Amino acid sequence: TLKATLYNPVSPKKLLQQMNFRKNQLEEALPELLLLHKDKPEKPSVHILEGSRGVELVYREIIDAARTGEEILCFGQLKHFDSSYKKLLELWIREMKNKKNRAREIVPNEEYELAYIKRVKQNKNARHLIKTVPRDMLVNDNIIYADKVAIFSVEQDSFVVLIQSAHIAKAYRNLFEFLWKHSEEV
């Protein structure tokens, strides 16, 4: 006689629960794993991510960096959020309610950005500061976080240039600090 083992398949709902559990475990461990993961930091890398998916991927990475308590530096226009990335802007505003999250932003003194500032101030997060510069001075979004600089272009063909280099990030931080010093309190 042949011996056979019979298996009953697991419910797809149970598989989904297990996957979500594992995903949550990975998300909790991610900050520590990222600290352990060391690419060659002395060798810069440049990536161009195209399309709305690439742009969204980088914005989500920035939001994840903010969750670690790291200061995020942003300068640029926000109008593109109104049409294509409204959910991301809502997620950013929601995340910045957390008092451990830190960001400084410089935006043009325009109607859309002033409405954004008003919403951010409702969060009452003293670690999220915003200043303005004259209209039309900033035409795209630029974000500095960790040892990365993200330069966004979301006009017709959306893309982001993501540069990972401590040297370039420091240069952009210096540029940001100069703009910060010469921009207006709101």
Side-chain angles (χ1 to χ4, degrees), residues 34-35 39-49 54-82 84-85 88-89 91-93 95-155 157-186:
L34 288 172
L35 289 174
D39 285 335
K40 294 181 181 177
E42 65 277 353
K43 184 177 179 187
S45 66
V46 178
H47 300 281
I48 298 176
L49 295 94
V55 169
E56 185 172 334
L57 179 74
V58 175
Y59 276 126
R60 289 188 179 279
E61 181 179 274
I62 291 163
I63 290 169
D64 288 342
R67 288 177 179 145
T68 68
E70 174 188 335
E71 183 177 41
I72 309 299
L73 305 176
C74 312
F75 60 100
Q77 270 189 353
L78 301 173
K79 289 179 188 173
H80 62 277
F81 281 107
D82 195 36
S84 304
Y85 304 100
L88 282 173
L89 186 63
L91 178 60
W92 172 255
I93 292 170
E95 285 297 323
M96 292 312 294
K97 281 183 182 178
N98 186 333
K99 304 298 187 250
K100 81 172 188 129
N101 295 344
R102 301 181 307 146
R104 286 187 290 156
E105 299 185 63
I106 303 169
V107 297
N109 190 352
E110 296 189 29
E111 187 178 331
Y112 187 85
E113 284 76 7
L114 293 174
Y116 166 76
I117 292 169
K118 201 174 190 180
R119 289 194 57 210
V120 166
K121 286 189 177 221
Q122 291 173 353
N123 282 348
K124 296 182 178 155
N125 181 351
R127 296 166 53 123
H128 186 189
L129 306 171
I130 304 177
K131 289 186 172 185
T132 62
V133 293
R135 295 176 177 266
D136 300 323
M137 187 173 170
L138 302 171
V139 295
N140 70 316
D141 202 9
N142 305 274
I143 302 177
I144 307 148
Y145 62 107
D147 62 349
K148 296 180 183 179
V149 175
I151 305 166
F152 295 87
S153 176
V154 290
E155 288 299 308
D157 298 324
S158 297
F159 68 91
V160 59
V161 178
L162 184 61
I163 304 168
Q164 183 170 9
S165 162
H167 178 71
I168 298 295
K170 182 179 179 184
Y172 266 76
R173 276 192 179 83
N174 291 342
L175 175 63
F176 178 89
E177 294 301 341
F178 178 81
L179 282 171
W180 186 259
K181 197 180 271 187
H182 293 89
S183 52
E184 294 183 30
E185 299 276 345
V186 185

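Side-chain atoms are counted along with the backbone in the values below, which use heavy atoms only and exclude waters and symmetry mates. Predicted, not measured: the structure shown is a model, and the values here were computed from it.
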J.: For residues V120 and I130, report the shortest heavy-atom separation together with the two atoms involved.
T.: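 Here V120 and I130 meet closest at CG1-CD1, 3.8 Å.
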J.: One pair to check against side chain to side chain contact (heavy atoms under 4.5 Å, CB included): Y145 and V58. What are the steps and the verdict?
T.: CA-CA 11 Å; Y145 62 107; V58 175; 4.0 Å; yes
J.: Would L57 and L49 count as a side chain to side chain contact (heavy atoms under 4.5 Å, CB included) here? Give the steps.
T.: CA-CA 9 Å; L57 179 74; L49 295 94; 3.7 Å; yes
J.: Taking it one step at a time, do T68 and D64 satisfy side chain to side chain contact (heavy atoms under 4.5 Å, CB included)?
T.: CA-CA 7 Å; T68 68; D64 288 342; over 6 Å; no
J.: Return the minimal non-hydrogen interatomic distance between S183 and V133, and the atom names on each side.
T.: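 Closest approach of S183 to V133, heavy atoms only: CB-CG1, 3.7 Å.
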J.: Can you list everything that forms a ring pair (Phe, Tyr, Trp, His ring centres under 6.0 Å) with Y85? Sequence neighbours excluded, please.
T.: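 Listed in chain order: nothing, the list is empty.
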J.: Please determine, by modelled atom types, if Q77 and Y112 share a side-chain donor-acceptor pair under 3.5 angstrom.
T.: no
J.: How many angstroms lie between CD1 in I62 and CD1 in I143, if you round to the nearest 0.5 Å?
T.: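 It is 3.5 Å, given to the nearest 0.5 Å.
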J.: Can you check whether F152 and Y59 have ring centres sitting under 6.0 Å from each other?
T.: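 Yes, ring centres under 6.0 Å apart.
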J.: Restricting to non-hydrogen atoms, name the atom on I72 and the atom on C74 that form the minimum distance, rounded to 0.1 Å.
T.: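 Minimum heavy-atom separation between I72 and C74: CG2-SG, 3.8 Å.
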J.: So, taking the atom named CG in N140 and the one named NZ in K79, what distance separates them when rounded to the nearest 0.5 Å?
T.: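 Interatomic distance, N140 CG to K79 NZ, rounded to 0.5 Å: 13.0 Å.
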J.: What's the spacing between L175 CG and F75 CZ if we round to 0.5 Å?
T.: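 The distance works out to 5.0 Å.
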J.: Can you tell me how far the CD1 atom of I151 sits from the CG atom of N142, to the nearest 0.5 Å?
T.: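 Taking CD1 in I151 and CG in N142, the distance rounds to 6.0 Å.
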J.: Can you establish whether the number of heavy atoms outside N174 located under 6.0 Å from its atom CG is more than 12?
T.: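 Atom CG in N174 is crowded, with more than 12 foreign heavy atoms closer than 6.0 Å.
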J.: Where is the tightest heavy-atom contact between A169 and I144, given as atom of each residue plus distance?
T.: O-CG2, 4.0 Å
J.: Working to the nearest 0.5 Å, report the span between CE of M96 and CD1 of I63.
T.: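 Rounded to the nearest 0.5 Å, the CE-CD1 separation comes to 10.0 Å.
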J.: Going by the angle between their ring planes, with limits at 30° and 60°, are H182 and F178 parallel, tilted or perpendicular?
T.: tilted
J.: Judged by atom type as modelled, is there a donor-acceptor pair below 3.5 Å linking the side chain of D147 to the main-chain atoms of Q164?
T.: no
J.: Among L138, D136, T132, L78, which residue satisfies the side chain to side chain contact (heavy atoms under 4.5 Å, CB included) criterion with E110?
T.: D136
J.: Is a donor on one side and an acceptor on the other found under 3.5 Å between the side chain of K121 and the backbone of V186?
T.: yes
J.: Please tabulate, one pair per line, all N/O donor-acceptor pairs under 3.5 Å involving side-chain atoms of residues 97-105, not counting sequence neighbours.
T.:
from, atom 1, to, atom 2, distance (Å)
N98, OD1, K100, N, 2.9
K99, NZ, K97, O, 3.4
K99, NZ, N123, O, 2.8
K99, NZ, K124, O, 3.2
K100, NZ, R67, O, 2.3
N101, ND2, E95, O, 2.5
R102, NE, G69, O, 3.0
R104, NE, E71, OE2, 2.8
R104, NH1, E177, OE1, 3.2
R104, NH2, E177, OE2, 2.5
E105, OE1, Y116, OH, 3.1
E105, OE2, W92, NE1, 3.4
E105, OE2, Y116, OH, 2.6
E105, OE2, H128, NE2, 2.5

J.: Decide yes or no for E61 and L162: does some side-chain heavy atom of the first lie under 4.5 Å from some side-chain heavy atom of the second?
T.: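 Touching, per the 4.5 Å side-chain cut-off.
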J.: For the atom pair NZ (K131) and CH2 (W180), what is the distance rounded to the nearest 0.5 Å?
T.: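 Going from NZ on K131 over to CH2 on W180, the span is 5.5 Å.
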J.: What heavy-atom pair brings R135 and P108 nearest, and what distance separates the two atoms?
T.: CA-CB, 4.4 Å
